[in-house]
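What follows is a single structure, written as structure tokens, with notes after it.
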Amino acid sequence: MAATKYESKIGKIFYSDKRIFTALSNLENLQRFSEFIPKDKVKELEITSDYIRMKIDGLGQKFTIRIVEKEEYKTIKLGVENLPMDLNFWIQLKQIAEQDTRIKLTIKADIPMMFRMMFEKKLQQGLDQAVDMLCQVPYQNWVN
């Protein structure tokens with residue numbers, strides 16, 4: 001089965017690529033969003049600097065999202081382990097000016113054809129919403 005690539009819209013963040021990369025490349029920073037995680041859906045959540053492990057209601061097994069590669073100030077590549085399909089996720093940064101960085105999210109997934117039509121629109125909407133959220137983060141508070 002061939003993987004399908006989904007790309008978000010390009011967002012604009014008013015911080016340097018270094019500050020954004022430093023914040024996003026440490027997954028422990030996601031603890032700041034823990035109040036938004038639905039406790040009735042996400043179980044056994046474990047977050048470290050380089051992986052997130054959780055069990056989502058309806059999926060059955062635990063799965064892991066792990067940082068598999070970093071290109072300093074440019075790309076963070078994450079892989080997903082223990083799912084019935086291959087899935088990779090990239091966060092791409094490009095600094096345009098001192099406090100002007102563009103961000104794009106990309107997912108590459110082997111979604112079975114029968115599910116692809118059901119998920120494509122929601123996946124695209126989710127990627128674009130994630131970019132909007134990442135553009136609103138107060139990165140000055142995320143880096144010590």
Side-chain angles (χ1 to χ4, degrees), residues 1-39 41-59 61-112 115-144:
M1 177 177 2
T4 305
K5 191 163 136 179
Y6 302 92
E7 295 180 325
S8 72
K9 63 184 179 181
I10 296 173
K12 183 175 183 177
I13 304 176
F14 295 102
Y15 292 98
S16 70
D17 57 355
K18 181 177 181 180
R19 182 172 293 274
I20 298 163
F21 181 88
T22 301
L24 296 179
S25 64
N26 180 349
L27 297 178
E28 287 177 325
N29 284 322
L30 295 177
Q31 295 280 9
R32 298 168 193 256
F33 291 106
S34 63
E35 73 234 32
F36 300 109
I37 298 171
K39 306 287 187 265
K41 304 282 186 214
V42 177
K43 311 285 185 196
E44 303 176 42
L45 180 64
E46 178 186 352
I47 301 176
T48 71
S49 62
D50 66 342
Y51 74 84
I52 302 167
R53 185 170 291 133
M54 68 187 109
K55 186 174 184 179
I56 295 182
D57 214 23
L59 263 183
Q61 78 267 6
K62 270 188 178 181
F63 68 95
T64 303
I65 301 169
R66 182 180 308 278
I67 293 176
V68 294
E69 188 178 326
K70 298 179 201 177
E71 184 179 350
E72 199 163 74
Y73 314 135
K74 292 181 181 185
T75 307
I76 303 164
K77 184 177 180 183
L78 301 116
V80 180
E81 303 165 359
N82 204 29
L83 280 182
M85 70 176 111
D86 288 333
L87 188 124
N88 291 300
F89 182 80
W90 290 267
I91 301 169
Q92 296 160 287
L93 303 171
K94 182 172 180 155
Q95 187 164 308
I96 305 300
E98 189 175 328
Q99 296 296 311
D100 180 1
T101 301
R102 304 303 156 97
I103 185 169
K104 181 171 81 170
L105 306 178
T106 303
I107 290 178
K108 191 173 181 184
D110 286 332
I111 301 172
F115 296 114
R116 199 173 296 160
M117 296 299 281
M118 293 183 341
F119 293 125
E120 278 185 336
K121 188 175 181 181
K122 289 183 189 271
L123 192 55
Q124 188 64 53
Q125 288 172 340
L127 280 172
D128 290 342
Q129 288 171 348
V131 164
D132 289 341
M133 181 193 72
L134 290 170
C135 289
Q136 300 304 315
V137 170
Y139 291 97
Q140 77 274 9
N141 299 330
W142 278 40
V143 181
N144 297 334

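Sequential numbering from 1 along the given sequence is applied to the chain's residues. The basis for the numbers below is simple: all heavy atoms, side chains too, and nothing from hydrogens, waters or symmetry mates.
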Spacing of [X] atom [atom1] and [Y] atom [atom2] [to the nearest 0.5 Å]:
{"X": "Ile107", "Y": "Leu127", "atom1": "CD1", "atom2": "CG", "value": "4.0 Å"}
{"X": "Asp128", "Y": "Lys104", "atom1": "CG", "atom2": "NZ", "value": "11.5 Å"}
{"X": "Lys9", "Y": "Leu105", "atom1": "NZ", "atom2": "CG", "value": "10.5 Å"}
{"X": "Ile47", "Y": "Asn29", "atom1": "CD1", "atom2": "CG", "value": "10.0 Å"}
{"X": "Tyr15", "Y": "Gln95", "atom1": "OH", "atom2": "CD", "value": "13.5 Å"}
{"X": "Lys77", "Y": "Ile91", "atom1": "NZ", "atom2": "CD1", "value": "13.0 Å"}

Can you check whether [X] reaches [Y] side chain to side chain, under 4.5 Å on heavy atoms?
{"X": "Val80", "Y": "Phe89", "answer": "no"}
{"X": "Thr64", "Y": "Arg53", "answer": "yes"}
{"X": "Tyr139", "Y": "Leu24", "answer": "yes"}
{"X": "Ile67", "Y": "Leu27", "answer": "yes"}
{"X": "Ile96", "Y": "Arg102", "answer": "yes"}
{"X": "Gln140", "Y": "Arg19", "answer": "yes"}
{"X": "Leu30", "Y": "Ile52", "answer": "yes"}
{"X": "Ile111", "Y": "Leu123", "answer": "yes"}

Subject >> Residue pair Thr106 / Gln92, side-chain donor-acceptor N/O under 3.5 Å >> reply: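 Looking only at side-chain atoms, Gln92 and Thr106 do form a donor-acceptor pair, the distance falling under 3.5 Å.
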Original post:
Do you see a donor-acceptor pair shorter than 3.5 Å between the side chains of Glu46 and Tyr51?
Top reply: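 Yes.
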**OP:** Decide yes or no on side-chain contact (heavy atoms from CB on, under 4.5 Å) for Ile20 and Ser16, but give the supporting numbers first.
**Re:** CA-CA 6 Å; Ile20 298 163; Ser16 70; over 6 Å; no
Considering non-hydrogen atoms only, spot the tightest contact between [X] and [Y] and give its length.
{"X": "Leu87", "Y": "Ala109", "result": "CD1-CB, 3.7 Å"}
{"X": "Cys135", "Y": "Ile103", "result": "SG-CG2, 4.0 Å"}
{"X": "Thr75", "Y": "Trp90", "result": "CG2-CD1, 3.8 Å"}

Original post:
Can you check whether Lys18's main-chain N or O pairs, donor with acceptor, with Thr22's side chain at less than 3.5 Å?
Top reply: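 Yes, the answer is positive, given that a donor and an acceptor are paired below the 3.5 Å cut-off.
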**OP:** For the pair Thr4 and Arg116, evaluate side-chain contact (heavy atoms from CB on, under 4.5 Å) and give the outcome as yes or no after the intermediate values.
**Re:** CA-CA 9 Å; Thr4 305; Arg116 199 173 296 160; 3.5 Å; yes
Subject >> Residue list, salt bridge (Lys or Arg N to Asp or Glu O under 4.0 Å) with Lys62, at least two apart or on another chain >> reply: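 Salt bridge (Lys or Arg N to Asp or Glu O under 4.0 Å) check on Lys62 returns Glu44.
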**OP:** Would you please name every residue forming a salt bridge (Lys or Arg N to Asp or Glu O under 4.0 Å) with Lys108, sequence neighbours left out?
**Re:**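 Salt bridge (Lys or Arg N to Asp or Glu O under 4.0 Å) list for Lys108, sorted by chain: empty.
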Original post:
Would Thr101 and Phe21 count as a side-chain contact (heavy atoms from CB on, under 4.5 Å) if you check the C-alpha gap in whole Å, the side-chain angles of each, and the deciding distance to 0.1 Å?
Top reply: CA-CA 10 Å; Thr101 301; Phe21 181 88; over 6 Å; no
Is the [atom1] atom of [X] crowded by more than 12 outside heavy atoms at less than 6.0 Å?
{"X": "Lys43", "atom1": "NZ", "value": "yes"}
{"X": "Gln61", "atom1": "CD", "value": "yes"}
{"X": "Met117", "atom1": "CE", "value": "no"}

